[in-house]
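Have a look at the structure below before the remarks.
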Amino acid sequence: MATGRISLKNSADVAGLRKAAGVVERALAAAAALVRPGTATIELDRAAEAVIRDAGGRPAFKGYQMGGDTDPFPGSLCISVNDVVVHGFPSAYELQEGDVVSVDCGVELEGYFGDFAYTFPVGEVSEAAQRLLDTTRQSLYLGIEQAVAGKRVGDIGHAVQSFCEGRGYGVVRDLVGHGVGRRLHEPPNVPNLGRRGVGKKLKAGLTICIEPMVNGGTGDVTVDPDGWTVRTADGAPSAHFEHMVLVEKGRAEILSSYALIEAALAEARGEPLASPAASG
Ligand code: MG
Ligand code: MG
């Protein structure tokens, strides 16, 4: 998927990516507002697609061609419940108390792509499920810390892998993060495992999606006969968090944001709205 040359972005490119990420954020927030027991996952998809189209964007996943004889992806969101790792189809399945649901959204806006993901607990989830979500999310931020100019792709993967495996989880190796820009998937690949100091060197202006996919059991996965739906091989639950990141000298800048998503979650819980600046 991620073929060709690595492209470094100028400030206009970064502004375009930020704008596309903003539409993804609003689409995911619309989905977040609906995450509760009894909601069919197709309802999340419809709500997100309406936001994307109202913003003048195009759902980047809808109609995405995997290649071979696999049908194009049917949804605007990838909605992956429990043992589904990624690429789950939106469907009539109604979310149940205790589920964990990963929602990934891609948008093309004015020639730039936004792509990021969040995993939601549905109602009250088990302590084990919450720990998986927390660990996956923390590992994303640890990976992001490594996304600075002069480091290498392996530094990101190492940070994610060592943290998650240290907590007893399995990191999915068959699926990886990627560059993002005027294409949804650009080089380089950004695996969630790796060795320090190994792999492509990160340069200022590189924009990448870092997206740990972490399983409650082993990191092994299978793919359903539909050619898309990726599941844990052992049936354990899985979580997925993704951010879009700009590599700079001395620091990584996150171009995407969970602020509106978390505001929607807080509102759904009846909590006072937190300051958007308070969340990543
Ligand atoms: Mg991605
Ligand atoms: Mg994604």
Side-chain angles (χ1 to χ4, degrees), residues 1-3 6-7 9 17-18 20-29 31-32 41 44-45 48-49 51-52 57-66 72-81 84-90 100-109 112-120 133 136-137 139-141 143-144 147 153 156-157 160 171-193 206-214 221 228-230 238-247 252 254-258 261 280:
M1 276 194 285
T3 53
I6 290 178
S7 78
K9 275 68 180 178
L17 285 165
R18 245 187 236 289
V23 178
V24 173
E25 185 185 359
R26 299 209 300 278
L28 287 174
T41 63
L44 308 185
D45 192 73
E49 181 166 349
V51 169
I52 295 166
R58 177 182 75 80
F61 298 165
K62 196 162 206 169
Y64 191 93
Q65 298 279 352
M66 169 87 80
F73 191 79
S76 295
L77 301 176
C78 294
I79 303 182
S80 306
V81 181
V84 179
V85 178
V86 286
H87 304 164
F89 292 178
V100 293
V101 57
S102 305
V103 182
D104 194 353
C105 181
V107 167
E108 182 182 7
L109 183 77
Y112 291 99
F113 285 86
D115 171 20
F116 62 100
Y118 193 95
T119 301
F120 300 91
L133 266 52
T136 306
R137 182 185 174 129
S139 77
L140 168 59
Y141 289 99
I144 290 170
V153 165
I156 297 171
V160 171
V171 175
V172 175
R173 55 191 68 216
D174 295 5
L175 297 146
V176 297
H178 51 90
V180 65
R182 288 188 172 276
R183 288 185 295 150
L184 178 58
H185 296 119
E186 297 186 350
N189 285 335
V190 183
N192 295 303
L193 2 76
L206 179 66
T207 47
I208 51 177
C209 290
I210 302 179
E211 50 178 314
M213 289 154 263
V214 180
V221 296
W228 283 103
T229 310
V230 178
S238 185
H240 178 212
F241 284 86
E242 176 176 19
H243 265 315
M244 299 163 62
V245 175
L246 168 65
V247 174
I254 304 176
L255 301 178
S256 46
S257 169
Y258 292 154
I261 299 166

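Numbers here are sequence positions counted from 1. Indexing begins at 1, ligand by ligand and atom by atom, following the structure's order.
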Think Arg182 forms a cation-pi with Tyr112, using NZ or CZ under 6.0 Å from the six-ring centre and within 45 degrees of its axis? yes
Donor-acceptor pair, distance only, cut-off 3.5 Å: does the side chain of Asn192 make one with the backbone of Gly157?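 Answer holds: no.
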Among the N/O/S atoms of Asp115, select the one at the shortest distance from the Mg ion (ligand 2) and name it.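 For Asp115, the N/O/S atom sitting closest to the Mg ion (ligand 2) is OD1.
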Does the side chain of Ser80 pick up a donor-acceptor pair with the side chain of Ser102 at under 3.5 Å?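 Per modelled atom types, Ser80 and Ser102 side chains form no pair under 3.5 Å.
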Using 2.8 Å as a strict upper limit, say whether an N, O or S atom of His178 approaches the Mg ion (ligand 1) that closely. yes
For N/O/S atoms only: which one belongs to Glu242 and is nearest the Mg ion (ligand 1)? OE2
Closest to the Mg ion (ligand 1), among the N/O/S atoms of Glu211, is atom OE2
Near Arg173 CZ, under 6.0 Å, is it more than 12 heavy atoms from other residues, nucleotides or ligands? no
